[in-house]
Asker: 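I'd like to ask you about the structure that follows.
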Amino acid sequence: MAKKAFIFDLDGVIVDTAKYHYLAWKKIADTLGINFTHEHNELLKGVSRVRSLDIILDLGKFDASQEDKDKWLVQKNEEYLSYLVDMDESEILPGVFPILKYLKEKQQPIALGSASKNARPILEKTGIMSYFDAIVDGNDVSNAKPDPEVFLIAAQKLGFTPEESIVFEDSIAGVQAANIAKMLSIGIGDDTTLHEAKYVFQDFTHIDTHFIDTIINKRVN
Ligand code: B16
Ligand code: MG
């Protein structure tokens, strides 16, 4: 049977944690008197925690010492984690479970490729850890998306070449990372924003098993 490596981003693909990241960053921005909106939050998707803070400080033309930055990074993460306390499988985005189950049925290898350092607790709380044959997250990489490092390590852990790998991503930086890696990029979200992806679906409810079969059997990307 043909096999491909299926690599899933986490935030915005499997769970909608962008809303919690937003609330936690908003609290820091408010304290600093920086105007931070939902539109600004789009700039932070797929971007590391450290880089996210720099983007917010740039928005407010705010100069800060490394000591202050470190303090805010800790505060932001504590606030973010407080939103995850009650997280359970109801937070898995629509259509994700059926696709994960179908891939397992077809014995396709599955990996996580996320920028988040909180990926493991999220997979545990939502009860989907066992679907993943490999997990690569923000703790395992030194280069943030659009650098392809996270996806290249994920493919390697599954024992597949980039050309045999398929990435589901909701962020522009993540789609670019998949493309740079020469993997098949599938955008989840708005097709204008994610126009660089090979395919774009609004969400997983729009992806059917026929499409999955087609990409499994495609010779290489
Ligand atoms: P953390 P993904 C990314 O996860 C988020 O999209 C991004 O907004 C966040 O800043 C980043 O993780 C780091 O998250 O603060 O939990 O380490 O989309 O790559 O799964
Ligand atoms: Mg994401």
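Atoms within each ligand, like the ligands themselves, are counted from 1 in listed order.
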Asker: Specify the closest pair of heavy atoms between Leu194 and Glu169, including all atoms of both residues, with the distance to one decimal.
Answerer: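 Closest approach of Leu194 to Glu169, heavy atoms only: CD1-O, 4.1 Å.
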
Asker: If two hydrophobic side chains count as joined below 4.5 Å and joins carry through other members, does Val50 share a cluster with Ile28?
Answerer: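 Yes: a chain of side-chain contacts under 4.5 Å links Val50 to Ile28.
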
Asker: Does only the side chain of Lys117 get under 4.0 Å from ligand 1, or the backbone, or both, or neither? Count heavy atoms.
Answerer: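 Both the backbone and the side chain of Lys117 come within reach of ligand 1.
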
Asker: Starting from atom 14 (O) of ligand 1, what is the nearest protein heavy atom, named by residue and atom, and what distance separates them?
Answerer: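 Going atom by atom, the protein heavy atom closest to atom 14 (O) of ligand 1 ends up being Ser116 CA, 3.5 Å.
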
Asker: To the nearest 0.1 Å, how far is atom 10 (O) of ligand 1 from its closest protein heavy atom, and which atom is that?
Answerer: Val47 O, 2.6 Å

Asker: Among Ile215, Leu100, Leu103, exactly one meets side chain to side chain contact (heavy atoms under 4.5 Å, CB included) together with Gln108. Which residue is that?
Answerer: Leu103

Asker: Verify, without hydrogens or angle tests, whether Asp133 (side chain) and Ala111 (backbone) share a donor-acceptor contact under 3.5 angstrom.
Answerer: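 Absent.
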
Asker: What residue and heavy atom of the protein are closest to atom 19 (O) of ligand 1, and at what distance?
Answerer: Ala115 N, 2.7 Å

Asker: With backbone taken as N, CA, C and O and side chain as the heavy atoms from C-beta onward, which portion of Val13 lies under 4.0 Å from ligand 1: side chain, backbone, both, or neither?
Answerer: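 Contact part for Val13 vs ligand 1: neither.
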
Asker: Only heavy atoms of Ser114, strictly under 4.0 Å: list the atoms of ligand 1 that pass.
Answerer: 2 (P), 4 (O), 19 (O), 20 (O)

Asker: Compare all side-chain heavy atoms of Lys27 with those of Gln75 and state whether any distance is below 4.5 angstrom.
Answerer: no

Asker: When the ring planes of Tyr20 and Tyr83 are compared, do they come out parallel, tilted or perpendicular, using 30° and 60° as the limits?
Answerer: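 If you compare the ring of Tyr20 with that of Tyr83, the planes turn out parallel.
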
Asker: Identify the protein heavy atom lying closest to atom 8 (O) of ligand 1, giving its residue, its atom name and the separation to 0.1 Å.
Answerer: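 Among all protein heavy atoms, the one nearest atom 8 (O) of ligand 1 is Leu44 O, 3.0 Å.
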
Asker: Check whether any side-chain heavy atom of Leu57 sits under 4.5 Å from a side-chain heavy atom of Trp72, and report yes or no.
Answerer: yes

Asker: Verify the ring-centre separation between Tyr22 and Phe36: is it less than 6.0 angstrom?
Answerer: yes

Asker: When you compare ligand 1 with Asn77, is there at least one nitrogen or oxygen pair between them that comes in under 3.5 angstrom?
Answerer: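 In this structure, Asn77 places no N or O atom under 3.5 Å from an N or O of ligand 1.
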
Asker: Provide, to 0.1 Å, the distance between atom 15 (O) of ligand 1 and the closest protein heavy atom, together with that atom's residue and name.
Answerer: Arg49 NE, 2.7 Å

Asker: Which label fits His21 and Tyr80: parallel for a plane angle under 30°, tilted from 30 to 60°, or perpendicular past 60°?
Answerer: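 The rings of His21 and Tyr80 lie parallel, inter-plane angle below 30°.
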
Asker: Given that the side chain starts at C-beta and the backbone is N, CA, C, O, which of these parts of Ser52 lies under 4.0 Å from ligand 1, counting heavy atoms, or is it both or neither?
Answerer: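 Looking at Ser52 and ligand 1, just side chain atoms fall under 4.0 Å.
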
Asker: Test Trp25 against every option in Asp30, Leu53, Ile34, Ile55 by the side chain to side chain contact (heavy atoms under 4.5 Å, CB included) rule and name the one that passes.
Answerer: Leu53

Asker: Less than 4.0 Å is my threshold; does some heavy atom of Lys145 fall inside it relative to ligand 1?
Answerer: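 Contact present.
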
Asker: According to ring-ring contact (aromatic ring centres under 6.0 Å, His included), who are the partners of Phe211, at least two apart in sequence or on a separate chain?
Answerer: Tyr199, Phe201

Asker: We want to know whether Asp213 and Tyr102 form a side-chain donor-acceptor pair, criterion being a heavy-atom distance below 3.5 angstrom.
Answerer: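 On atom types as modelled, these side chains qualify, holding a pair under 3.5 Å.
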
Asker: Do me a favour and list the nearest non-hydrogen protein atom to atom 18 (O) of ligand 1 with residue, atom name and distance?
Answerer: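 Checking every protein heavy atom, the shortest distance to atom 18 (O) of ligand 1 gives Asp9 OD1, 3.0 Å.
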
Asker: I'd like to know if Ser171 contacts ligand 1, where contact means a heavy-atom distance under 4.0 Å to any ligand atom.
Answerer: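 Under 4.0 Å: no for Ser171.
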
Asker: Nearest protein heavy-atom contact for atom 6 (O) of ligand 1: which residue, which atom, what distance?
Answerer: Gly46 N, 2.8 Å

Asker: When you compare ligand 1 with Lys45, is there at least one nitrogen or oxygen pair between them that comes in under 3.5 angstrom?
Answerer: no

Asker: In the protein, how many N/O/S atoms are under 2.8 Å from the Mg ion (ligand 2)?
Answerer: 3

Asker: What heavy-atom pair brings Leu123 and Leu112 nearest, and what distance separates the two atoms?
Answerer: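 Smallest heavy-atom distance, with atoms named: CD1-CD2, 4.0 Å.
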
Asker: Can you tell me which portion of Asp11 lies within the under-4.0 Å heavy-atom range of ligand 1? Options are side chain, backbone, both, or neither.
Answerer: both

Asker: Does Lys125 pair with Glu91 as a salt bridge, N-O distance under 4.0 Å?
Answerer: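 Judged by the 4.0 Å cut-off on N to carboxylate O distance, Lys125 and Glu91 do not form a salt bridge.
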
Asker: Which one of Asn139, Asn77, Asp140 satisfies the side chain to side chain contact (heavy atoms under 4.5 Å, CB included) criterion with Lys117?
Answerer: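 With Lys117 as partner, Asn139, Asn77, Asp140 yield a single side chain to side chain contact (heavy atoms under 4.5 Å, CB included), made by Asn139.
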
Asker: If you measure every N/O of Asn118 against every N/O of ligand 1, is any gap under 3.5 Å?
Answerer: yes

Asker: Within ligand 1, which atoms have a heavy atom of Leu10 less than 4.0 Å away?
Answerer: 20 (O)

